[in-house]
Amino acid sequence: MTKKFPFLMIPGPVQVREENLKVMATPVIGHRTKMMADLFLETASLMQQLLFTENQIFFIPGSASAFMEAAIINLVKKSVLNVVNGAFGERWHQMAKNWNKEADKLEVTWGHAVDPQVLREKLEEKEYEAVTITHNETSTGVTTPLEKLAPIFSDFDTLVLVDAVSSAGGIPLKMDDWGIDMVIFGTQKCLALPPGLGIAAVSERALEKARKIPYKGWFLNFELLEKYAKKGYNPATPSVSHMFALNHQLKYIIKKEGITERFIRHETLGKQTREWAKKYFDLFAQEEVASNTVTTIKNTKDLDLDSVKKDLLERGYLFATGYGPLSKTTFRIGHMGDLTEEQLKTYLATLEKVMNL
Ligand SMILES: *Cc1c(COP(=O)(O)O)cnc(C)c1O
């Protein structure tokens, strides 16, 4: 029996707990009220705790891609280096090119993370205003160990911009300790909320840079966003419902589950999935950089993934094939957000049945 609303095992958007769906239905409040400002400022301060930062937090209605584009508009006048080890790194490179920037690509074999020495040499070769890096490549299932790159970041003036869309809130990300200038994500991945809100943390150094960029539009303009955010507002109308849900979920993460415990749970889910994947198939990612939020699995048995997807839908699950060029040769298991070990186990057992393993 096909379920109208299958359980989401895709790497975003992920399954939202009933409790958070209910919070999304909180009555709408005026966006220029004290209640709104209090909600915004408290949520921003909780967000700082999650990212281990004291930097400015921005929220905008839209998806994470809006902030990826905003980073290019506000922080790059001319030159940017895009580290590309998968489809999302490539997206950021395309954005930079579409904005007519001098965008150089540091191409890394898919399934690998950038070699720190190679990155260092690239930054020594040419002076870049900014470097973009994907913390967790959702297409390949690779986590780039940013803590190992931190010593490089501190040796250059280059702004460090990080796509943390499928890592923030699931994998440790110490923005201030690691010298990151911008962290970008959304509500629909590790935070396990409905899609529709973009989130960013921006360093003072980056905000200063933005002040020197003359043309940066209006909706994604950091100067304007900062002016309003300091008071707890957005220049335009914020997604009030998302702000209520985000506030609620951050309190749950910080006070109920615990940030460290959340990271440990993701580690366990990652290990569980990798063990399963190695037993029946193969990992697409190099194991030492394999992600704890999403696993990309080589389709070594040459299964018809569309038919697998159909069978799983009948059992109440939404299955993820590979991303873009990897759509037939790999499939993915999203294990981020509020997913429990029990839920993952049940899913893996269902996969075994459907795939005749
Ligand atoms: C999902 C994802 C994006 C795109 O995010 P949207 O919210 O859909 O704009 C970008 N980068 C990575 C790594 C992602 O996983």
Side-chain angles (χ1 to χ4, degrees), residues 8-16 47 51 58-73 80 82-96 98 105 108 110-114 131-146 160-173 180 182-201 219-220 239 242 245-246 249 266 269-270 284-285 289-296 318 320-327 330-337 339:
L8 302 177
M9 285 303 296
I10 57 175
V14 307
Q15 194 68 16
V16 179
M47 190 54 81
L51 301 173
F58 292 147
F59 306 108
I60 47 164
S63 80
S65 298
F67 268 131
M68 290 167 72
E69 189 143 24
I72 302 294
I73 299 169
V80 60
N82 306 116
V83 178
V84 176
N85 65 336
F88 291 103
E90 181 60 35
R91 179 183 293 187
W92 222 349
H93 179 60
Q94 287 306 320
M95 284 177 177
N98 286 4
K105 179 161 36 164
V108 179
W110 286 32
H112 294 228
V114 67
V131 55
T132 71
I133 303 177
T134 314
H135 187 201
N136 191 76
E137 240 314 333
T138 316
S139 57
T140 61
V142 166
T143 303
T144 295
L146 293 174
V160 179
L161 317 179
V162 171
D163 168 350
V165 182
S166 59
S167 61
I171 297 171
L173 207 180
I180 297 166
M182 186 165 179
V183 167
I184 296 163
F185 57 115
T187 38
Q188 80 275 25
K189 302 219 175 154
C190 296
L191 292 177
L193 293 172
L197 191 76
I199 303 163
F219 192 72
L220 299 171
S239 174
H242 275 99
L246 182 57
Q249 176 71 339
H266 279 86
L269 296 174
F284 180 81
V289 289
S291 166
N292 284 329
T293 61
V294 54
T295 300
T296 302
L318 191 60
T321 59
Y323 192 95
L326 303 175
S327 69
T330 68
F331 63 95
R332 294 174 299 161
I333 298 177
H335 34 85
M336 64 183 92
L339 190 75

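Atoms within a ligand are numbered from 1 in the order they appear, just like the ligands themselves.
Among pairs with a residue in residues 135-145, none fulfils salt bridge (Lys or Arg N to Asp or Glu O under 4.0 Å), at least two apart in sequence or across chains.
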Hey, can you pull the donor-acceptor pairs under 3.5 Å for the side chains in residues 86-93, sequence neighbours left out?
unit_1, atom_1, unit_2, atom_2, d
Glu90, OE1, Lys105, NZ, 2.8
Glu90, OE2, Gln94, NE2, 2.8
Arg91, NH1, Ser65, OG, 2.8
Arg91, NH2, Tyr323, OH, 3.4
Trp92, NE1, Met68, O, 2.8
His93, ND1, Asn82, OD1, 2.7

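By the 4.5 Å heavy-atom criterion applied to side chains, Ile199 and Leu246 are counted as neighbours. Within the 4.5 Å cutoff, the side chain of Ile171 has no heavy atoms near those of the His266 side chain.
Asp163 meets the side chain to side chain donor-acceptor pair (under 3.5 Å) test with no other residue; sequence neighbours excluded.
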N/O pairs closer than 3.5 Å, ligand 1 and protein:
unit_1, atom_1, unit_2, atom_2, d
ligand 1, 7 (O), Ala64, N, 2.9
ligand 1, 7 (O), Gln188, NE2, 2.8
ligand 1, 9 (O), Ser63, OG, 2.5
ligand 1, 9 (O), Ala64, N, 3.3
ligand 1, 9 (O), Ser65, N, 2.8
ligand 1, 9 (O), Ser65, OG, 2.6
ligand 1, 11 (N), Asp163, OD1, 3.3
ligand 1, 11 (N), Asp163, OD2, 2.6
ligand 1, 15 (O), Thr138, OG1, 2.4
ligand 1, 15 (O), Lys189, NZ, 2.7

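In this structure, His135 contributes its side chain and Ser166 its backbone to no donor-acceptor pair below 3.5 Å.
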